[in-house]
There are 2 protein chains.
Amino acid sequence: MTTNDQGSNYTPGRYRTPDGAPSDIVIFTITSTEKKTAKKALPLRELQVLLIQRKSWPFEGQWALPGGFCKETEDMYACAKRELQEETGVTNVHMAYFNVYSQPGRDPRGWMISHAFFALVQEKWLAERRADTDAEDVRLFPVEEALQMALAFDHGVILRDALQKIREQMLTTVIAKEFLPEEFTISELYQVIQTVVPDFEERNFIRKITSTQSRKGLIEEVTDRGGQPKVSNRYSQRAAQLYRFTNLTQQLSLYS
Amino acid sequence: MTTNDQGSNYTPGRYRTPDGAPSDIVIFTITSTEKKTAKKALPLRELQVLLIQRKSWPFEGQWALPGGFCKETEDMYACAKRELQEETGVTNVHMAYFNVYSQPGRDPRGWMISHAFFALVQEKWLAERRADTDAEDVRLFPVEEALQMALAFDHGVILRDALQKIREQMLTTVIAKEFLPEEFTISELYQVIQTVVPDFEERNFIRKITSTQSRKGLIEEVTDRGGQPKVSNRYSQRAAQLYRFTNLTQQLSLYS
DNA sequence: CGAATAGTGTCTCTTAGACAATATGAA
DNA sequence: TTCATATTGTCTAAGAGACACTATTCG
């Protein structure tokens, strides 16, 4: 058996080792802008990604994903969380690891094996930061625009992969909740899904998600203390029922 | 902005760097053993995982996942593929990356950030190798048994995660095909799914997968050159229709 | 009342789910 | 003929999908 390096005699320092294990974080947010036409109207929503402009070699001046090197005393998740915190001041948001990028030569500084996370952040959490550093070297870009840009390193690929991943997860998990307030209307949920997955279309969305036995339990109506339905009219004249996600999960299957 | 290490002045050799980037591979296979009672009967199938016994420090004598260190000239996927090839002689099988393990202190040899893959291999591909090294330091273990063992490093956790991952993917993707011949019967498919996901039960499985409009296209009947249905009686007196997977995919969704 | 969003009625066709019943062919 | 697997019949209740229709309330 020639195979098991871990099982062979181990001589520290004998091998070439990586020059660093960075994490890169694809920070998504959905911005809402009101239509000017009417006051009460569904806002325009757009999926955006946070990029920073590099100040030094390599890729000086180019836009890149935020990130940084892992320390020996933390794991990759802690590293990404720390970088996210340092970059946006945001904590306690949904962040998930999705892939490793280890193509030889991907970083001119040396052998860097990068770990990519995506984070979903509500616009309001980014608000202060954006005010602080506006017109600085940190900016939100619409994803479609970012995809066209020549990003540093292989960050274009990472962004593309991340986008595919959250599109998939938007439909198969409840990450939609990360872009929504605790209590939301059916339209808001529908809009969020469509913002991330433009192809998504369900004509009878409200019925499928509320009145169907198999889906009952994914979300539930919110009531006030008196047990009366709680509604919102932030987007319409006619008040809309508010819902919240439950904690129930659901196993999807091709075969059932 | 204190955050972007990649954007700050870069001084090579200034930081502590990892001591290695290994890959670990969870190699799954499904073994079939015939029931002794009758010749033509559905075989007993069992999900097994390949482990190796370590010959040296650390964790000498303990069982571990196969794997090895990444070289500077290859990416992690190539590394895992090479290790799999060296370990089992197997090539061209389904292998997928699923997580990184970077807990500080997980490897007494130093700062090792490990990348975990799972591979799905048909028993027949392992047959030669097993004959070669039988009663040696490479063995298949039933997963339930392996989960009870004290594996080296954090390999117990990795195995648990891998198992959860393939259970999920067994139901949401067509990885079942990796455990099946090109042409298979409905019972075989059903058995494979149940072997990986013991809770899976569909009473009307055959109809759901063949006669349902929404699922039409996942598998298709095999016919011979004359257009006649191709059947197999390897498990039963009554011959069963053979099917194959098509290339059609299907987007699962909680919301539709 | 018109605009804009929220939500219901209704109809048809398909599917889910449960079981019973029948089919096949070697031992 | 029996046995083990393969496959179809049948019935009911529920869901999918399409689209027209009603509801609410601000301006």
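Naming convention: chains lettered A, B, ... in sequence-line order (proteins, then strands); numbering from 1 in each chain. Worth saying up front: this structure is predicted, and the values here are computed from it rather than measured.
A cation-pi contact, defined as under 6.0 Å to the ring centre and within 45° of the axis, is absent between B/R207 and B/F205.
In terms of phosphate contacts, A/S187 brings a side-chain nitrogen or oxygen within less than 4.0 Å of OP1 or OP2 of C/dA6.
Within 6.0 Å of CG in A/D224 there are more than 12 heavy atoms belonging to other residues, nucleotides or ligands.
The aromatic ring centres of A/F245 and A/F184 sit less than 6.0 Å apart. Not less than 6.0 angstrom separates the ring centroid of A/Y255 from the ring centroid of B/Y190.
A salt bridge does not link B/E221 with B/R244: none of the charged nitrogens is closer than 4.0 Å to a carboxylate oxygen. Using a 4.0 Å cut-off between charged side-chain N and carboxylate O, A/E201 and A/R203 make a salt bridge. For A/E188 and A/R234, the salt-bridge test passes: some basic side-chain N is under 4.0 Å from an acidic carboxylate O.
Nucleotide C/dT8 holds its P atom 11 Å from the CD1 atom of A/I186, rounded to whole Å. A straight line from CD of B/E221 to C1' of D/dA6 spans 13 Å, rounded to a whole angstrom. When rounded to the nearest whole Å, the span between CD1 of B/I206 and P of C/dA18 equals 17 Å. Going from atom OH of A/Y235 over to atom C1' of C/dG7 covers 18 Å, rounded to whole Å. Per the geometry, CD1 belonging to A/I209 stands 13 Å off P belonging to C/dG7, to the nearest Å. One can place OH of A/Y190 at 14 Å from P of C/dT5, the figure rounded to the nearest angstrom.
For residues 237-245 of chain A, proximity to DNA chain C is found at A/R238, A/A239, A/A240, A/Q241, defined as any non-hydrogen atom under 4.0 angstrom from a strand atom.
Here the rule is side-chain contact (heavy atoms from CB on, under 4.5 Å) with A/L47, and of A/I166, A/L140, A/T31 only A/I166 fits it.
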Per-nucleotide protein contact string for nucleotides 12-20 of chain D (B base, S sugar-phosphate only, - none; heavy atom under 4.0 Å): ---SSBBB-
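Residue B/L42 is in sugar-phosphate contact alone, with no base atom involved, counting any heavy-atom pair closer than 4.0 Å across all strands shown.
Using a 4.5 Å heavy-atom threshold, the side chains of B/H94 and B/F118 count as touching.
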